[in-house]
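See structure below.
What's counted below: heavy atoms across the whole structure, side chains too, no hydrogens, waters or symmetry copies. Computed from a predicted model, the values in this text were never measured in an experiment. Every chain is numbered from 1, with letters handed out A, B, ... down the list of sequences.
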There are 2 protein chains.
Amino acid sequence: MPERQSKEELTPRQQDVLERALELLVAGGEKALTTAGLARAANCSKESLYKWFGDRDGLLAAIIAHQASKVRGFTDTGATLSRDAFEMHLTGFAEDLLRVLSGEVSLALNRLAIGQASREGNRLGALLVAQGRRRIDQAATRLLEAGKRCGHIHYDDLDDAYRTLYGLIVRDLHVRMLLGEAGLFKPRSLEAQAEHAIQQFFALFGVREKETAGRV
Amino acid sequence: MPERQSKEELTPRQQDVLERALELLVAGGEKALTTAGLARAANCSKESLYKWFGDRDGLLAAIIAHQASKVRGFTDTGATLSRDAFEMHLTGFAEDLLRVLSGEVSLALNRLAIGQASREGNRLGALLVAQGRRRIDQAATRLLEAGKRCGHIHYDDLDDAYRTLYGLIVRDLHVRMLLGEAGLFKPRSLEAQAEHAIQQFFALFGVREKETAGRV
DNA sequence: AGAGAACCGTACCGTACGGTACGGAGAATT
DNA sequence: AATTCTCCGTACCGTACGGTACGGTTCTCT
């Protein structure tokens, strides 16, 4: 049989196991993710786990990589945009961001990575931010560049503009959700928050249509 | 001998032990804080630890409460403020906030609480946010009320204004520091970040003095 | 059909941790 | 001086977890 997995590709069976691992992690945190427990939940043997993922840290890394591989495909736009379309895209980005960050899987993985941050290995935090965040950052960055190119917003420092956008959208919600605070989102308030944040962003970086005066 | 500690007061010896516990926690995360390890580091017996704090969770709670008891005393102002003084107070608040959040002890405790967030007990997260954050929130809230009363800023929703301020100051720094990302602050950039955030906050909530249409 | 690999289920081992028990030392009280 | 209290240091116990080994089963390839 030719090598089916060149380097890091996972067989469907292995992906299935990682999926069960994610469920355990979401349900009970890192403590609930034991090799014996995962083997039982996934109907596989511990021996196979160690064969596939090396050791427990390898398993954790594989979980993060696996989840990150599913997140690809944020909105990406290169064409010219009307002002309204641009604002809608921004609002959509804000909603997506809030939805992702408040998702149980995202919260569980971030808690996992944060819990490992003290150890010197610390590959998990870097992995998570690299695999998960970079895509989001790039999508937003492209969006902001398009908005500037089309004359809807102005900024001198792209990175600063993006971080401001991020801060306006997320505020302290992420950390509070990570701490386990419940009930931070009422039914429709996620969309309202996103909309509100984008309005504030335009107040800071938007160009006045017609005269184009100000910015910070 | 009369009861020296009425209810929750701690003897100097016990506070000393908690201090060593904090050191262990900062140095190596939750995993490094074992009862045996703490007993050795603090030159006390495990029996005493259990006598004083009940069990390990009680110890963790005591650590958080102990640290929170030291943080009191953010700036608090009720008098009338000039515009410049108000801005300086805000900037000072922003610097303090960034300094606290980026402190090793704060990061270690937040990591600890976040790691426990999955368990249903979850007293730690609530405790941390209640003891640590409330003071900060109140100080900032008072400051914003004073600023509105003196006519320097305007807002309809105090809570929304505060959260916007928080988001502008902290952005995604807190989570990234929690994840262990290093080198997020260059030498003087903390002050610059605080200053920048306050400028943006004034752009959003400041009242135009006379006209001053200058910035957004 | 037979050989071999992959894999499951279980048992097993060593370690480390939470929590308890015990002996002994120092200090205060009587 | 005898008693009592607190506390330290150590030893101890049960459990749970990471990691390994092994017999039996299913599937694939020839």
Side-chain angles (χ1 to χ4, degrees), chain A residues 1-21 23-25 27-64 112 115-116 118-121 123-124, chain B residues 1-6 9-21 23-25 27-64 112 115-116 118-121 123-124:
Chain A
M1 174 195 293
E3 284 276 316
R4 188 156 72 245
Q5 44 198 27
S6 61
K7 194 66 174 298
E8 295 294 326
E9 284 181 38
L10 298 174
T11 68
R13 176 75 176 115
Q14 292 165 3
Q15 295 186 25
D16 199 57
V17 170
L18 291 181
E19 210 63 37
R20 309 292 293 190
E23 293 174 15
L24 288 179
L25 207 56
E30 184 188 352
K31 284 193 46 184
L33 185 65
T34 66
T35 54
L38 176 58
R40 205 177 317 118
N43 289 325
C44 73
S45 69
K46 290 173 65 174
E47 195 175 22
S48 299
L49 291 181
Y50 286 100
K51 182 174 188 177
W52 293 334
F53 307 111
D55 59 3
R56 190 168 183 272
D57 287 345
L59 174 65
L60 297 182
I63 292 173
I64 288 182
L112 171 65
Q116 301 277 332
S118 316
R119 297 197 70 174
E120 68 275 19
R123 272 186 79 252
L124 290 194
Chain B
M1 175 194 294
E3 283 277 316
R4 189 159 70 243
Q5 45 198 27
S6 62
E9 282 181 41
L10 299 173
T11 68
R13 176 77 177 114
Q14 291 165 3
Q15 294 186 24
D16 199 56
V17 169
L18 292 181
E19 210 62 36
R20 310 291 294 190
E23 293 174 15
L24 288 179
L25 207 57
E30 183 187 352
K31 284 193 45 185
L33 184 64
T34 65
T35 54
L38 176 58
R40 204 176 318 118
N43 289 324
C44 72
S45 70
K46 289 173 65 174
E47 194 175 22
S48 299
L49 291 181
Y50 286 100
K51 182 173 187 176
W52 293 333
F53 307 110
D55 59 4
R56 189 169 185 273
D57 288 345
L59 173 64
L60 298 182
I63 293 173
I64 289 183
L112 171 64
Q116 302 277 331
S118 315
R119 297 197 69 172
E120 67 275 19
R123 272 185 79 252
L124 290 194

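The main-chain N or O of B:Leu10 is found under 3.5 Å from a side-chain atom of B:Gln15 such that the two form a donor-acceptor pair.
In this structure, B:Arg40 does not reach the C:dC17 phosphate: none of its side-chain N or O atoms is under 4.0 Å from OP1 or OP2. For D:dC7, the OP1/OP2 oxygens have a side-chain nitrogen or oxygen of B:Trp52 closer than 4.0 Å. In this structure, A:Arg13 does not reach the D:dC27 phosphate: none of its side-chain N or O atoms is under 4.0 Å from OP1 or OP2.
Contact record, B:Leu38 with B:Val17: CD1-O, 3.8 Å, taken as the closest heavy-atom pair. Between B:Ala39 and B:Ser45 the shortest heavy-atom distance is CB-C, 4.1 Å.
Between the CZ atom of B:Phe53 and the P atom of C:dG19 there is a distance of 14 Å, rounded to whole Å. A:Glu30 places its CD atom 15 Å from the C1' atom of D:dA16, with the value rounded to the nearest Å. Rounded to an integer number of Å, the gap from CZ of A:Arg20 to P of C:dC8 is 13 Å. A:Arg119 has its CZ atom 12 Å from the P atom of D:dG18, to the nearest Å. Computed from coordinates, the A:Leu33 CG to D:dA16 C1' distance equals 15 Å when rounded to whole Å. Taking atom CG of residue A:Leu59 and atom P of nucleotide D:dC17, one finds them 15 Å apart after rounding to whole Å. Rounded to whole Å, atom P of C:dG18 lies 10 Å from atom CG of B:Leu38.
Taking every heavy atom of residues 41-51 of chain B and every atom of DNA chain C, pairs under 4.0 Å involve B:Lys46, B:Glu47, B:Tyr50, by number.
Using a 4.5 Å heavy-atom cutoff, the side chains of B:Leu112 and B:Leu33 are not in contact.
By the 6.0 Å contact criterion, CZ on A:Arg56 is enclosed, its count of non-hydrogen atoms from other residues, nucleotides or ligands being greater than 12.
Between B:Lys46 atom NZ and B:Arg40 atom CZ the span is 9.5 Å, to the nearest 0.5 Å.
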